[in-house]
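Right, one structure below, let's go through it.
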Amino acid sequence: MRRFFTVIGGMGTAATESYVRLLNTRSNAKKDQDYMDYILVNHASVPDRTSYILDHTQENFFPYLKEDIEQQSLLHPEFMVMVCNTAHYFYDELKQLTDIPLIHMPHTAIQTMAKQYPDEHRIGLIATKGTLADGIYANEIEATGREVVLGDQQIQDMVMTLIYDNIKEHNRVDPELYHEILKQMHDRFGVNVVVLGCTELSLAQEKAPDHPYQVIDAQSIIVDKTLALGRAFREDEAKGQQMLDEIMK
């Protein structure tokens with residue numbers, strides 16, 4: 001296979017399945033050959049990212065991702081995308097392991113946010129405790145000159161219940177809980193745009209999109225970017241490389 005890309009997923013599997021489903025649906029395929037050429041690595045046994053970020057005595061997930069990056073690099077994809085926001089804790093270290101471009105999902109999402117909502121200066125962020133603790137998204141948002149609003153402990157507890165208790169443990173989305181989180185971020189904390197900094201939250205958005213709030217869905221954005229890149233590389237390698245260079249800036 002030539003001119004393909006690699007998706008490093010499985011963190012968690014339900015969220016990765018959502019990414020693949022959106023990627024395939026948005027391909028608007030009329031025949032088998034219209035879909036994208038890609039390899040999916042569903043590395044479900046990668047240790048919990050948040051557990052390690054909050055407590056370094058827990059098992060480190062870096063060696064698992066290192067193995068994925070090194071294995072996939074031998075196959076020479078045009079680029080790789082890692083569909084777990086919290087896993088970007090080790091983005092710089094992983095990027096140094098390979099010559100294959102590794103798209104930075106949070107950076108790509110926030111660059112899109114800045115273009116889509118140029119007049120919004122207070123940005124809400126909901127994510128895992130690991131992502132919040134590391135500043136993966138907060139740093140990207142602040143780099144655009146905007147204020148990051150995280151809510152409070154009640155919001156964080158609701159978010160963790162949605163991600164871990166509902167989706168990871170029971171493989172279901174609680175639409176009422178998801179919508180209540182967005183409502184409180186808007187009503188209590190005065191933000192008009194909320195960044196979904198976890199792929200399980202992106203799954204919640206896919207399953208329960210019927211709400212009036214504006215969200216930045218990192219997974220949806222990365223689906224569109226990988227689809228556009230995949231098409232560009234299939235059409236012309238130079239065109240694909242030019243688009244990739246823009247995304248990697």
Where the side chain of R231 meets the backbone of S27, is there a donor-acceptor pair that is under 3.5 Å apart?
yes
**Prompt:** Do T131 and C198 have side-chain heavy atoms sitting under 4.5 Å apart?
**Reply:** no
**Message:** Any heavy-atom pair between the side chains of D236 and Q242 that's under 4.5 Å?
**Reply:** no
State whether D37 and R234 are salt-bridged, where the test is any N-O pair (Lys NZ or Arg NE/NH1/NH2 against Asp/Glu carboxylate O) under 4.0 Å. yes
* Asked: Do other residues, nucleotides or ligands put more than 12 heavy atoms under 6.0 Å from K168 NZ?
  -> yes
In terms of heavy-atom contacts, G12 and E200 come closest through N-OE2, 3.2 Å
Open item on the list: Using salt bridge (Lys or Arg N to Asp or Glu O under 4.0 Å), reason through K31 and D34 one step at a time and then give a plain yes or no.
Closed with: CA-CA 6 Å; K31 59 183 183 297; D34 291 340; 3.0 Å; yes
d(M82 CE, H88 NE2) to nearest 0.5 Å is 4.0 Å
Report yes or no: do S220 and Q205 form a side-chain donor-acceptor pair below 3.5 Å?
no
Between the CE atom in M160 and the CG atom in D165, the distance rounded to the nearest 0.5 Å is 9.0 Å
Subject >> F79 side chain near L229 side chain, heavy-atom distance below 4.5 Å >> reply: yes
Pair Y164-T50, side chain to side chain contact (heavy atoms under 4.5 Å, CB included): steps then yes or no: CA-CA 11 Å; Y164 280 87; T50 291; 3.5 Å; yes
CD (E140) and OG1 (T108) are apart, to the nearest 0.5 Å, by 8.5 Å
Practice problem: Could you tell me whether a side-chain N or O of H179 sits under 3.5 Å from a main-chain N or O of H211, the two making a donor and an acceptor? | Solution: no
* Q214 (side chain) donor-acceptor with N192 (main chain) under 3.5 angstrom -> yes
| query | Between V159 and L54, is there a shared hydrophobic cluster once you connect ILVMFWY residues whose side-chain heavy atoms come closer than 4.5 Å? | reply | no
dist S202:OG -> N85:CG (nearest 0.5 Å) comes out at 6.5 Å
| query | Around atom CD of E176, are there more than 12 heavy atoms of other residues, nucleotides or ligands at under 6.0 Å? | reply | no
Rounded to the nearest 0.5 angstrom, the CG-OH distance for L23 and Y35 is 10.5 Å
Q.
Hydrophobic clusters here meaning ILVMFWY residues chained together by side-chain heavy-atom distances under 4.5 Å, can you tell me if M11 and I126 are in one?
A. no
Practice prompt. Let me see the working for V148 and Y137 under side chain to side chain contact (heavy atoms under 4.5 Å, CB included), right down to the final yes or no.
Written response: CA-CA 9 Å; V148 182; Y137 267 97; over 6 Å; no
All heavy atoms of M185 vs all of V191, minimum pair found to be O-CG2, 3.1 Å
In terms of heavy-atom contacts, Q72 and T6 come closest through OE1-OG1, 3.0 Å
Between L196 and L201 the two heavy atoms that sit nearest each other are CD1-O, 3.9 Å
**Prompt:** Do R146 side-chain atoms and T144 backbone N/O form a donor-acceptor pair below 3.5 Å?
**Reply:** yes
In short, salt bridge (Lys or Arg N to Asp or Glu O under 4.0 Å) pairs touching residues 240-249 with sequence neighbours left out are E246-K249
- Query: Is the closest side-chain heavy-atom distance between M36 and L227 below 4.5 Å?
  - Reply: yes
Hydrophobic clusters here meaning ILVMFWY residues chained together by side-chain heavy-atom distances under 4.5 Å, can you tell me if Y213 and M158 are in one? yes
Margin query: I want to check something: taking the side chain as every heavy atom from C-beta on, are T199 and M105 in contact at a cut-off of under 4.5 Å?
Written below: yes
- Given side chains that start at C-beta, do those of M113 and I123 come closer than 4.5 Å, heavy atoms only? yes
On a heavy-atom basis, the closest approach of P101 and L244 is CG-CD2, 3.5 Å
When rounded to the nearest 0.5 Å, the distance separating CG of L182 from CG of D187 is 10.5 Å
> Which of parallel (below 30°), tilted (30 to 60°) and perpendicular (above 60°) describes H56 and Y89?
Replying inline: perpendicular
Quiz item: With no hydrogens and no angle check, is any side-chain donor or acceptor of E120 less than 3.5 Å from a backbone partner on A114?
Solution: no
Handout entry: Side chain to side chain, R21 and S18, heavy atoms closer than 4.5 Å
Key = yes
- Is E206 atom CD crowded by more than 12 heavy atoms from other residues, nucleotides or ligands, each under 6.0 Å away? yes
| Is it true that Y91 and H107 have ring centroids separated by less than 6.0 Å? | no
Any chance you could lay out the salt bridge (Lys or Arg N to Asp or Glu O under 4.0 Å) test for E147 and R122, step after step, and finish with the verdict? CA-CA 5 Å; E147 178 187 356; R122 282 170 48 83; 3.3 Å; yes
Are a donor atom and an acceptor atom from the side chains of T226 and Y19 found within less than 3.5 Å of each other? yes
- Are M80 and I103 close enough that some pair of their side-chain heavy atoms sits under 4.5 Å apart? no
Tightest non-hydrogen contact, residues G9 and V83, listed as CA-CG2, 3.9 Å
Exercise for review: Run the ring-centre check on Y52 versus F62 and record whether the distance is less than 6.0 Å.
Suggested key: no
Same apolar cluster (I L V M F W Y, side chains within < 4.5 Å links), L22/V41: no
Where do V81 and K225 land on the side chain to side chain contact (heavy atoms under 4.5 Å, CB included) test, with the steps shown first?
-> CA-CA 10 Å; V81 57; K225 295 295 185 182; over 6 Å; no
Kindly work out whether a path of hydrophobic side-chain contacts (I/L/V/M/F/W/Y, heavy atoms less than 4.5 Å apart) joins I69 to I39. no
>> Using a 3.5 Å distance criterion without hydrogens, assess whether the side chain of D134 forms a donor-acceptor pair with backbone atoms of G130.
In response: no
Practice task
Say whether, by atom type as modelled, one donor and one acceptor occur between the side chain of R49 and the main chain of P47 under 3.5 angstrom.
Solution key: yes
